[in-house]
Asks: 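This is the structure, below, for whatever I ask next.
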Amino acid sequence: MPDRFARVAAIVLAAVVFVSVVHLPARGDEGMFLPDAISTLPIKKLNQRGLKIPITDLYNPDGVSIKDAIVIVDGGTGEFLSPDGLLLTNHHVAFEALASASEQTKDYATNGYLARDRSSELPARGYTVSIPQEIKDVTAEVLAGVTEAMSQGERAAAIQSKVRSMVEAARHPADGITAQILPLHEGLSYYKFTYQVLRDVRIVYSPPKAIGFFGGDPDNFEWPRHCGDFTFMRAYVGADGKPAEYATGNVPFKPKKFLSISLAGIKEGDFMMVMGYPGLTRRYRESYSVAYNQDVAIPFEIDNFTKQIEALENAGKNDEALRMKLQSNIFDIANTLKNDEGSVLAMRRADIVGKKRAQEAAFTRWLEADPARKAKYGAALPSLAKAYEELNATAARNLLVPQLLQSSDLLAIGFSAQGVAAIKERPGSDSDPAVAAAVARALNNAKAAVPERNLSVERELLTYMLRRAAELPPGQKIEAIEKRFAGMQGEARRRAEEDFARSIVDSKNFVTEESMTRLFGLSLAQLRELHEPFIELALELAPLLAQVQMSTQQFNATVARWRPLMVQGISEMQGFRSYPDANRTLRFTYGEVKGYVPHDAAIYQAFTTLAGVIEKDTGREPFDVPEKLKQLYRSRDFGAYGNSDGSNVPVNFLSTTDIIGGNSGSPILNGRGEQVGIVFDGNYEGLGNDFFYNDPKGRTISVDIRYVLFILDKFGGAGYLLKELDIKNAPAALRKAA
């Protein structure tokens with residue numbers, strides 16, 4: 001239920017904040033470049049900074065390159081490190097698999113996991129590994145059937161139809177081949193991304209939470225960090241070499257490319273590269289969009305996530321099994337919450353809205369200087385401004401309505417049931433296969449939700465949403481809510497809201513899969529006759545949600561009409577097209593190892609060590625250092641993984657590489673293309689980087705690969721894995737052991 005709640009918030013945000021605007025030239029080490037754009041970068045300057053390999057070693061469309069070793073793992077990135085499908089990603093990327101596999105007597109999420117041999121590698125249920133096959137510009141093919149005479153709707157339909165047919169032609173399910181075609185530069189170009197998807201993924205070694213998430217939420221996004229955020233996994237295929245579901249007879253996948261590791265160490269100023277799959281950035285938004293996010297949408301999400309965490313923590317206080325089950329959800333929500341809070345603060349401190357307005361003024365002056373330009377592009381910015389003015393007029397209510405419906409699983413199921421009943425009453429629906437498929441999906445989702453329900457969490461969240469509805473400004477009140485509490489104020493209304501939430505959540509008539517199945521077989525009239533509070537509220541909110549969706553569609557249509565024209569005008573003014581926003585596709589970025597100044601009178605160095613881990617030890621979560629790790633430190637038993645004088649073990653380091661969520665687990669490479677660390681976080685002062693790049697303060701935080709191997713070998717007892725790795729610059733003793 002919390003996952004659904006969070007997803008709806010993301011969907012609402014995505015639906016209304018994706019407008020692009022003024023492109024800025026890349027500053028400093030800014031840029032998340034598509035692989036085929038690497039050849040357009042200033043290669044001579046990169047060579048001077050430390051790039052030692054040909055760019056075709058990074059991306060070669062006609063051969064094997066580092067690109068082939070970089071994969072999507074669940075919500076993050078991973079990289080192959082051996083010819084037997086061994087891959088490395090973040091502990092927090094693999095955490096859901098550890099939590100799902102845990103039992104009361106086997107708490108892998110807390111204690112970590114070690115497979116003594118391949119037969120004991122732990123299935124990561126629900127995880128996949130997506131391996132890039134082809135990245136291709138297909139703009140001409142997608143737009144081949146589009147003409148100037150088409151309306152906006154006709155244009156969108158033609159593009160959608162072409163994309164569907166091209167994706168279907170590229171798919172080969174038997175070989176695990178899937179494809180997606182995505183718009184870039186706000187629809188001015190289209191790329192096809194083809195992947196092979198492996199469905200048997202297993203955990204090989206994961207450190208305990210006290211290492212993999214050392215510092216917990218207090219240290220999250222903060223520097224200095226001392227976190228061993230890594231997990232080793234392995235990808236498997238069927239005996240025939242094709243992707244397959246988990247089976248004991250499956251064999252390790254043989255990647256085309258795997259990375260080498262360097263133990264040579266790094267120093268301030270060293271050239272660094274990252275390849276991975278960053279999530280969504282929104283760096284080319286107009287001031288109206290930035291202001292809407294900064295002042296309306298993200299603060300709304302912050303309040304909701306704060307309440308979700310509170311409700312989930314309350315639910316697990318007196319139930320250890322439930323606490324274990326919920327900890328992954330809490331971690332995910334807390335991570336997003338802190339990101340949101342830091343993003344709003346960063347945007348306000350940097351006055352991004354003010355800077356965007358200044359850029360828009362410059363664009364307007366450029367248009368005014370040429371009547372032809374003004375005629376072509378002049379209506380774009382005013383039209384977008386008007387769209388956001390209308391959006392803001394009902395934003396508080398429109399953001400709340402979907403969240404209200406999703407705050408309780410039972411209320412969401414009731415809404416789904418009334419939607420199915422309404423669809424069935426349309427003429428011809430009984431013979432429409434699309435309707436049958438939609439009904440089946442709705443029913444399956446409802447059945448899946450039943451065993452996962454947590455009534456205390458539902459009551460708390462629904463009560464909270466009713467309270468938020470009461471606080472809506474005049475003109476945005478929700479009639480279905482207000483009529484239930486007419487004339488009530490203060491404590492009386494609060495008690496009534498709690499009672500109403502309880503009457504919805506605690507329904508005794510619909511608590512089993514069988515009862516849910518019956519519910520989806522009823523007509524609208526029959527649903528009304530039940531006189532169930534959750535059904536009644538769902539029926540009353542349905543027209544309002546339809547109205548919200550209609551206004552969102554109208555907003556999106558306005559954006560879709562003026563967005564490409566705006567981008568085209570800005571590109572013309574600049575004389576070049578900037579790198580496209582990130583969209584969960586493979587990107588390349590570069591920078592250097594570098595500290596920063598977080599605020600007045602403070603300087604942050606670029607490195608942390610094991611000594612800092614010990615300094616933070618309190619014996620209590622999240623700063624509870626395992627005893628074995630303390631013993632290794634006291635005895636200086638660092639093996640081959642210490643720094644040059646053997647006095648310490650490097651733990652985390654900073655770089656100026658341009659990353660964002662989704663890059664978690666990406667390899668950070670030296671100039672020779674050797675992995676020297678694994679990306680796991682950004683710093684708090686650099687948040688807001690989905691909207692802007694902060695050159696002075698924005699930093700990537702990575703685990704030094706020496707700490708990864710130190711924990712793997714000296715602490716975890718998984719040194720047998722060293723035999724699979726291609727380790728460069730290793731001491732003779734380690735080479736002999738491996």
Asks: Identify, with sequence neighbours excluded, every residue that meets side chain to side chain contact (heavy atoms under 4.5 Å, CB included) alongside P474.
Replies: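 Listed in chain order: nothing, the list is empty.
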Asks: Does the distance from a Lys or Arg side-chain N to an Asp or Glu carboxylate O, for D319 and K325, drop under 4.0 Å?
Replies: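 Result for this pair is no, no salt bridge flagged.
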Asks: Can you name the side-chain hydrogen bond (donor to acceptor under 3.5 Å, both in side chains) partners of N689, sequence neighbours left out?
Replies: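 Per chain and number, N689 pairs via side-chain hydrogen bond (donor to acceptor under 3.5 Å, both in side chains) with no residue.
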Asks: Y388 and E286: which non-hydrogen atoms are nearest, and at how many Å?
Replies: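 So the minimum-distance heavy-atom pair works out to CE1-OE2, 2.7 Å.
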Asks: For a ring-ring contact (aromatic ring centres under 6.0 Å, His included) check, start with the C-alpha distance between F213 and F331, then their side-chain angles and the critical distance, and finish with the verdict.
Replies: CA-CA 10 Å; F213 192 39; F331 169 79; 4.8 Å; yes
Asks: Using a strict cut-off of less than 4.0 Å between a Lys/Arg side-chain nitrogen and an Asp/Glu carboxylate oxygen, indicate whether E245 and R199 qualify as a salt bridge.
Replies: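 A salt bridge is present here (some side-chain N lies under 4.0 Å from a carboxylate O).
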Asks: Mark yes or no: R202 above the aromatic ring of Y236, with NZ or CZ under 6.0 Å from the six-membered ring centre and no more than 45 degrees from the axis.
Replies: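 Yes.
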Asks: Filter on side-chain hydrogen bond (donor to acceptor under 3.5 Å, both in side chains), then keep only pairs touching residues 167-176, sequence neighbours left out; what's left?
Replies: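 side-chain hydrogen bond (donor to acceptor under 3.5 Å, both in side chains) check on residues 167-176 returns E168-R171.
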Asks: How long is the gap from CD1 on I413 to OG on S507, to the nearest 0.5 Å?
Replies: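 Nearest 0.5 Å value for the CD1-OG distance: 10.5 Å.
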Asks: Using the six-membered ring wherever Trp is involved, compare the ring planes of H91 and F95 and label them parallel, tilted or perpendicular (cut-offs 30° and 60°).
Replies: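 Tilted.
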Asks: Please name all residues satisfying salt bridge (Lys or Arg N to Asp or Glu O under 4.0 Å) with K483, sequence neighbours left out, ordered by chain then number.
Replies: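 Once residues adjacent in sequence are excluded, the partners of K483 under the salt bridge (Lys or Arg N to Asp or Glu O under 4.0 Å) criterion are E540.
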Asks: Verify whether one side chain among S100 and E96 offers a donor that lies under 3.5 Å from an acceptor in the other.
Replies: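 Yes - a donor-acceptor pair under 3.5 Å links their side chains.
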Asks: In chain order, what residues pass the side chain to side chain contact (heavy atoms under 4.5 Å, CB included) check against E310, with sequence neighbours excluded?
Replies: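 Side chain to side chain contact (heavy atoms under 4.5 Å, CB included) list for E310, sorted by chain: K307, N314, E460.
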Asks: Taking NZ, NE, NH1 and NH2 as the nitrogens, is one of them in R468 or E497 under 4.0 Å from a carboxylate oxygen of the other?
Replies: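 No.
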Asks: Mind checking whether V505 and L410 have side chains closer than 4.5 Å, heavy atoms only?
Replies: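 Counting from C-beta outward, V505 and L410 never come under 4.5 Å.
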Asks: Restricting to pairs with a member in residues 512-536, which pass ring-ring contact (aromatic ring centres under 6.0 Å, His included), not counting sequence neighbours?
Replies: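 Pairs touching residues 512-536 that pass the test: F510-F534.
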